[in-house]
Participant: 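Below: one structure in structure tokens.
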Amino acid sequence: MIPVEDPDDPRLDDFRGLRLREDRHLDHFVIEGYAAVAELLHSPYTPRAVLVLDRKAARIEPLVDGFDRLDVPVYVAPESVMRTTMGFNLHRGIIASAHRTALPDAESLLERASSVAVLERLNDHENLGSLFRNARAFGIDAVLLDPQTADPLYRRCVRVSMGHVLRVPFARFDAWPDGVDLMQSLGFTVVALTPSRDAMSIDEVATSRPDKVAILLGAEGPGLDDESLVRADMCVRVPMADDVDSLNVATAAAIAFHRLVPGS
């Protein structure tokens, strides 16, 4: 571990000004918290640096050997240095940076998958992180994003996912809802999740799960666009109490993954 005492030390540049930073277009992203940083060691992303709060350094000892083998520097700093560098207090005590990689082509990802989640205009980072965690838990092969969905590698999203976003392949469609046609051409049954009472109950669909399924989910509030609903092979709802309007999107996704993905 390498002690750092100066918040202006250029070795900390990856972690500078994180509170206000929009890093979607940077060549790296950050991973916050012990569990998420541990997932980084087993992910396809290449670590760049690790920064640890000095009073919590002992806790990360089990991770240090892994980063040493990758020749990744582990910096240790007092709370005042970390707060000045990042712009907030890091209560979890550890943060890492990693190189971004070019996103795979959506079609090539679909060709290797039998179950995918497809997200339309999902811009809440906490919902997005929870959804990726659910996708990993229930064996979703990949997540496909429309052009407007938020960056899954944004710091809060990675943290909420407990690092599981690092282990689930994802790609972004160039055009939407044309992506629905592509999935159908590759043999996927596109299932649009909606709270509409006119939709088919998920219980009916679960009795004969499609061999290849794409579960289409929209943002909370507006839900899916009408054109997406029309292009889907079926519209499906999760049965709930009459006086409840809808579920949180990550919760609804977890139910759909469990009921519709073979082997989950």
Participant: Verify, without hydrogens or angle tests, whether S130 (side chain) and N127 (backbone) share a donor-acceptor contact under 3.5 angstrom.
Facilitator: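 No; zero donor-acceptor contacts below 3.5 Å.
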Participant: Do S114 and D141 come close enough that some side-chain heavy atom pair is under 4.5 Å?
Facilitator: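 Yes, close enough: below the 4.5 Å cut-off.
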Participant: Using the salt bridge (charged side-chain N to carboxylate O under 4.0 Å, His left out) criterion, which residues pair with R55? Sequence neighbours excluded.
Facilitator: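 Result, salt bridge (charged side-chain N to carboxylate O under 4.0 Å, His left out) vs R55: E79.
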Participant: Table please: side-chain donor-acceptor pairs of residues 64-72 below 3.5 Å, with sequence neighbours left out.
Facilitator:
none

Participant: Can you pull the salt bridge (Lys or Arg N to Asp or Glu O under 4.0 Å) pairs that have at least one residue in residues 27-39, sequence neighbours excluded?
Facilitator: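 Every salt bridge (Lys or Arg N to Asp or Glu O under 4.0 Å) pair that includes a residue of residues 27-39, provided the two are not neighbours, is D27-R48, E32-R92, E32-R155, E32-R159, E39-R136, E39-R167.
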Participant: With a cut-off of 6.0 Å (strictly less than), are more than 12 heavy atoms of other residues, nucleotides or ligands near CG of N89?
Facilitator: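 Yes, enclosed.
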Participant: Return the set of residues passing salt bridge (charged side-chain N to carboxylate O under 4.0 Å, His left out) with D203 (not counting sequence neighbours), or none when no residue passes.
Facilitator: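 D203 satisfies salt bridge (charged side-chain N to carboxylate O under 4.0 Å, His left out) with R259 once adjacent residues are dropped.
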Participant: What residues form a side-chain hydrogen bond (donor to acceptor under 3.5 Å, both in side chains) with D242, not counting sequence neighbours?
Facilitator: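 Counting only residues at least two positions away or on another chain, D242 forms no side-chain hydrogen bond (donor to acceptor under 3.5 Å, both in side chains).
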Participant: Does D105 have any salt bridge (charged side-chain N to carboxylate O under 4.0 Å, His left out) partners at least two apart in sequence or in another chain, and if so, which?
Facilitator: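 Salt bridge (charged side-chain N to carboxylate O under 4.0 Å, His left out) list for D105, sorted by chain: empty.
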Participant: Can you sort out the partners of N123 under side-chain hydrogen bond (donor to acceptor under 3.5 Å, both in side chains), two or more places apart, ordered by chain and number?
Facilitator: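 Once residues adjacent in sequence are excluded, N123 has no partner under the side-chain hydrogen bond (donor to acceptor under 3.5 Å, both in side chains) criterion.
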Participant: Among residues at least two apart in sequence or on other chains, which ones pass salt bridge (charged side-chain N to carboxylate O under 4.0 Å, His left out) with D9?
Facilitator: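 For D9, the residues satisfying salt bridge (charged side-chain N to carboxylate O under 4.0 Å, His left out) (neighbours in sequence not counted) are R11.
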Participant: Between F132 and H164 (judged by ring centroids, cut-off 6.0 Å), do the two rings come close enough to count as a pair?
Facilitator: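 For F132 and H164, the ring centres are not under 6.0 Å apart.
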Participant: Under a 3.5 Å distance rule, please check whether R16 uses its side chain to pair with a backbone N or O of P7 as donor and acceptor.
Facilitator: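 A pair under 3.5 Å: yes.
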Participant: So, using side-chain hydrogen bond (donor to acceptor under 3.5 Å, both in side chains) as the criterion, who are the partners of D178 when residues are at least two apart?
Facilitator: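 Checked D178 against side-chain hydrogen bond (donor to acceptor under 3.5 Å, both in side chains); matches are R231.
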Participant: Are V261 and F138 side-chain neighbours, meaning at least one heavy-atom pair lies under 4.5 Å?
Facilitator: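 V261 does not reach F138 side chain to side chain.
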Participant: Could I get the full list of ring-ring contact (aromatic ring centres under 6.0 Å, His included) partners for Y45, not counting sequence neighbours?
Facilitator: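 Applying ring-ring contact (aromatic ring centres under 6.0 Å, His included) to Y45 gives F29.
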Participant: Less than 4.5 Å apart, any side-chain heavy atom of M1 and any of V52?
Facilitator: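 No. Closest side-chain heavy atoms not under 4.5 Å.
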Participant: Hydrophobic cluster mates of V116, side-chain heavy atoms under 4.5 angstrom, ILVMFWY only, any path?
Facilitator: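 Listed partners: L110, V118, L144, F173, W176, V180, L182, M183, L186, F188, V190, L216, L224, L229.
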Participant: When you measure from the side chain of D225 to the backbone N and O of E227, does any donor-acceptor pair fall under 3.5 Å?
Facilitator: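 No; judged by distance alone, with no hydrogens or angles, the pair does not exist.
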Participant: Any side-chain heavy atom of I94 within less than 4.5 Å of one from L63?
Facilitator: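 Result yes, sub-4.5 Å side-chain heavy-atom pair found.
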Participant: For S246, check side-chain hydrogen bond (donor to acceptor under 3.5 Å, both in side chains) against everything at least two apart and list the hits.
Facilitator: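 By the side-chain hydrogen bond (donor to acceptor under 3.5 Å, both in side chains) rule, S246 matches no residue at all.
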